Amino acid sequence: MPSLAILGSRPAPEPSRNPGWTSRMRSRLDNPTVFLFVILTAQLMVVLDTTIVNVALPHIQEGLHLSGSDLSWVLNAYLLTFGGLLLLGARSGDLLGRRRTFLAGIAIFTLSSLFGGLAVTGWMLLSARALQGVGAALAAPSSLALLTTVFSDGPQRIRAIGLFTTVSAAGGAIGLVAGGALTQLVSWRWVMFVNVPIGLAVWALGRTAVRETERRHGHFDIAGALTSTLGMVGIVFGLVEAGADGWSSPLCAGALALGVLLLGAFYRIETRAEEPIVPLRLFASGTRTASNVARGLTYAGMYGMFFFVGQFLQDVLGYAPLRTGLCFLPMPIGVFLSSQLVSKVLVGRVRPKALIMSGIGLTIVALLLASQLHAGASLWRILAVIVLMGLGSGTAMVPLTTAGLSGVAPADAGAASGLVNVTQQVGAALGLAVLVTVLGVAAGHVQLKAGGAATATVIHGLDVTFAVAALFGLAALAMVAFLVHLPAAASDVAPLQRQPAAFVGADGEDLEWSDPELVA
């Protein structure tokens with residue numbers, strides 16, 4: 001037994017000269033400062049990844065030989081799994097423990113980022129993006145809930161939430177610039193690889209710095225989460241397939257039919273589930289429902305702008321990736337500044353409905369300007385589109401969030417806030433699928449392609465696509481005008497200001513948080 005002899009011949013390890021080193025290191029990591037660093041970094045990673053791929057899209061298309069319709073899934077695979085499983089992720093934190101759920105989400109996000117960076121085919125990258133959405137759906141709701149658990153009411157909590165909001169807003173800008181820089185200086189693969197060291201650091205520190213929360217007893221509505229998510233995937237896939245091969249494609253018709261059937265099954269499940277993931281009573285309020293649909297329509301136009309303008313700048317105007325990222329920089333800055341102005345100055349002085357309609361109006365103007373872009377478009381015209389979109393989105397989303405949470409019973413606060421975010425993500429995915437289909441039809445199924453010549457047909461198709469995106473905004477404007485009813489007087493608005501967040505803790509606790517998804 002030579003192996004035993006080798007083991008037996010090893011010298012005994014020397015006793016540690018500093019037996020308390022491990023415990024001292026743990027005590028240093030187990031403090032609120034390290035905990036806050038872990039939560040803020042995790043949020044930065046999740047938000048950054050919603051924008052970092054936008055500038056890299058033409059290079060991803062060229063590197064993996066994706067079609068224009070396939071390219072939309074680089075965004076939609078993430079949006080659909082993130083939005084579709086968000087409520088299940090929040091429920092997992094309640095039932096399994098928020099620390100465990102948070103760390104599991106970070107681990108999935110990190111490993112899928114590594115897998116995506118190593119992708120050599122389109123399906124590998126799209127699978128990685130879908131898994132990133134799963135990880136984000138687990139980590140995002142738990143991170144905010146953990147933050148409010150550690151920091152009690154008072155100045156510390158206000159400071160922590162303020163930092164969380166700032167990081168969320170800055171993450172969009174960082175993602176755009178970082179995506180351009182990494183793509184130009186290294187490779188598009190690094191828009192995925194960059195998450196790996198960040199995720200490993202967050203996971204390693206989080207094991208010590210994050211404490212487990214008390215678990216609750218309840219049931220998972222897994223059937224509801226899966227049927228809703230897969231149903232939306234089917235509809236989005238059918239719409240994208242229609243843009244590539246036409247409405248007569250059997251794959252298009254089959255995917256749309258399957259999507260509708262799954263959503264019908266989701267409705268039936270929710271009416272019978274003991275603890276439904278989306279209580280259908282939340283849709284009883286016309287104001288809440290209309291504001292959430294308007295939010296989804298607004299995000300549909302915004303994500304369409306992200307997707308197509310990024311490609312237009314590089315494939316039509318010939319901009320380098322870093323320059324493209326810098327062109328987008330005014331948008332998240334405009335979102336942050338306008339949302340802060342609304343939440344801290346204008347709310348209570350200006351009617352919420354007027355703020356919503358003004359903000360949506362600005363996004364419509366931005367999209368109409370985008371519908372007039374051409375191969376010789378000036379930089380100032382492009383920046384005007386981006387700035388107006390940012391200012392309009394930031395102005396509309398804060399009061400839209402308030403409207404989406406108005407009149408919600410305390411027991412439904414967590415589900416209602418999650419529904420706000422779900423409609424945002426799903427609206428963006430559906431809108432992008434529709435716009436990809438519109439471009440395919442308007443351009444005769446000739447789409448933007450990295451390194452390809454920008455034909456007059458493609459430019460015309462882009463003009464039509466942005467015009468349809470503006471119609472999304474007009475539909476949102478009409479819904480707000482006729483179906484959203486909010487108090488007009490400042491004294492009447494005050495009760496609603498207790499819920500300005502897009503996320504309410506999974507336990508139904510109100511959180512003073514300016515929406516971090518505004519720049520996503």
Side-chain angles (χ1 to χ4, degrees), residues 50-51 54 57 68-69 71-76 79 172 235-236 239-240 242-243 292-313 315-316 327-328 330-332 334-335 356-374 377 381-397 400 423-443 447-448 457-480 517-520:
T50 60
T51 58
N54 281 280
L57 287 174
S69 57
L71 195 64
S72 66
W73 283 101
V74 178
L75 293 181
N76 277 345
L79 291 174
I235 290 176
V236 170
L239 290 172
V240 172
N292 283 335
V293 173
R295 186 189 192 91
L297 288 168
T298 303
Y299 264 84
M302 181 163 58
Y303 268 77
M305 192 276 292
F306 266 126
F307 183 76
F308 290 110
V309 170
Q311 295 177 75
F312 175 84
L313 291 176
D315 295 343
V316 177
C327 284
F328 276 116
M331 182 172 178
V335 169
I356 296 172
M357 296 183 69
S358 298
I360 295 176
L362 288 175
T363 66
I364 294 172
V365 173
L367 291 168
L368 289 175
L369 284 176
S371 69
Q372 302 300 313
L373 294 177
H374 51 82
R381 188 182 187 90
I382 295 166
L383 290 178
V385 171
I386 293 170
V387 169
L388 286 173
M389 179 63 74
L391 293 175
S393 300
T395 301
M397 290 306 160
L400 265 179
T423 55
Q424 175 175 299
Q425 304 290 337
V426 173
L430 278 174
L432 183 56
V434 170
L435 294 178
V436 168
T437 302
V438 169
L439 177 61
V441 173
Q447 300 189 15
L448 279 169
T457 303
V458 171
I459 298 297
H460 169 72
L462 281 174
D463 291 344
V464 174
T465 301
F466 284 121
V468 172
L471 290 178
F472 289 159
L474 287 172
L477 197 65
M479 295 198 74
V480 173
E517 300 289 333
L518 293 177
V519 294

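All values reported here derive from a predicted model rather than from experimental measurement.
Contact between Ala442 and Gly461 at its shortest, heavy atoms only, is CB-CA, 3.8 Å. Minimum interatomic distance between Ala370 and Val385 (heavy atoms only, all atoms of both residues): N-CG2, 3.8 Å. Shown here for Ala467 and Ser371, the closest heavy-atom pair between the two residues is N-CB, 4.0 Å. The minimum heavy-atom distance between Leu368 and Ala470, with the atom names listed, is CD2-CB, 3.8 Å. Cys327 and Leu313 make their closest contact through CB-CD1, 4.1 Å (heavy atoms, listed as atom of the first residue, atom of the second, distance). The heavy-atom pair separating Ala469 from Gly301 by the smallest distance is CB-CA, 4.3 Å.
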Would you sort out whether Phe308 and Val436 count as a side-chain contact (heavy atoms from CB on, under 4.5 Å), showing the intermediate values?
CA-CA 9 Å; Phe308 290 110; Val436 168; 4.1 Å; yes

Could you go step by step and tell me if Phe306 and Leu432 meet the side-chain contact (heavy atoms from CB on, under 4.5 Å) rule?
CA-CA 10 Å; Phe306 266 126; Leu432 183 56; over 6 Å; no

I'd like to know whether Gln424 forms a side-chain contact (heavy atoms from CB on, under 4.5 Å) with Tyr303, so could you lay out the CA-CA distance, the side-chain angles of the two residues, the decisive distance to 0.1 Å, and finally the verdict.
CA-CA 10 Å; Gln424 175 175 299; Tyr303 268 77; over 6 Å; no

Stepwise side-chain contact (heavy atoms from CB on, under 4.5 Å) check, Leu369 with Phe466
CA-CA 9 Å; Leu369 284 176; Phe466 284 121; over 6 Å; no

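Considering CG of Leu239 and CG of Asn76, their distance stands at 10.0 Å, rounded to 0.5 Å. A distance of 4.5 Å separates CE of Met331 from CE of Met302, quoted to the nearest 0.5 Å. The CE atom of Met357 lies 11.5 Å from the CG atom of Leu400; values are rounded to the nearest 0.5 Å. Here the CD1 atom belonging to Ile360 is positioned 10.5 Å from the CZ atom belonging to Arg295, to the nearest 0.5 angstrom. Summarising the geometry, atom CG belonging to Leu297 is positioned 11.0 Å from atom CG belonging to Asn292; distances are rounded to the nearest 0.5 Å. Once rounded to the nearest 0.5 Å, the distance linking CZ of Phe312 with CD1 of Ile459 reads 5.5 Å.
In this structure a side-chain-to-backbone donor-acceptor pair under 3.5 Å is missing from Ser393 to Gly390.
Residues satisfying the side-chain contact (heavy atoms from CB on, under 4.5 Å) criterion with Leu362, sequence neighbours excluded, are Leu388, Leu391.
Taking 4.5 Å as the limit, some side-chain heavy atom of Leu430 sits within range of a side-chain heavy atom of Val236. In this structure, Phe328 and Met305 have side chains that are in contact, with non-hydrogen atoms separated by less than 4.5 Å. Between Val464 and Val438 the shortest side-chain heavy-atom distance falls below 4.5 Å.
Just one residue in the list Leu435, Thr437, Leu367, Asp463 forms a side-chain contact (heavy atoms from CB on, under 4.5 Å) with Val468, and that residue is Leu435. Shown are Leu471, Leu477, Thr298; of these, the side-chain contact (heavy atoms from CB on, under 4.5 Å) with Ile364 is made only by Leu477.
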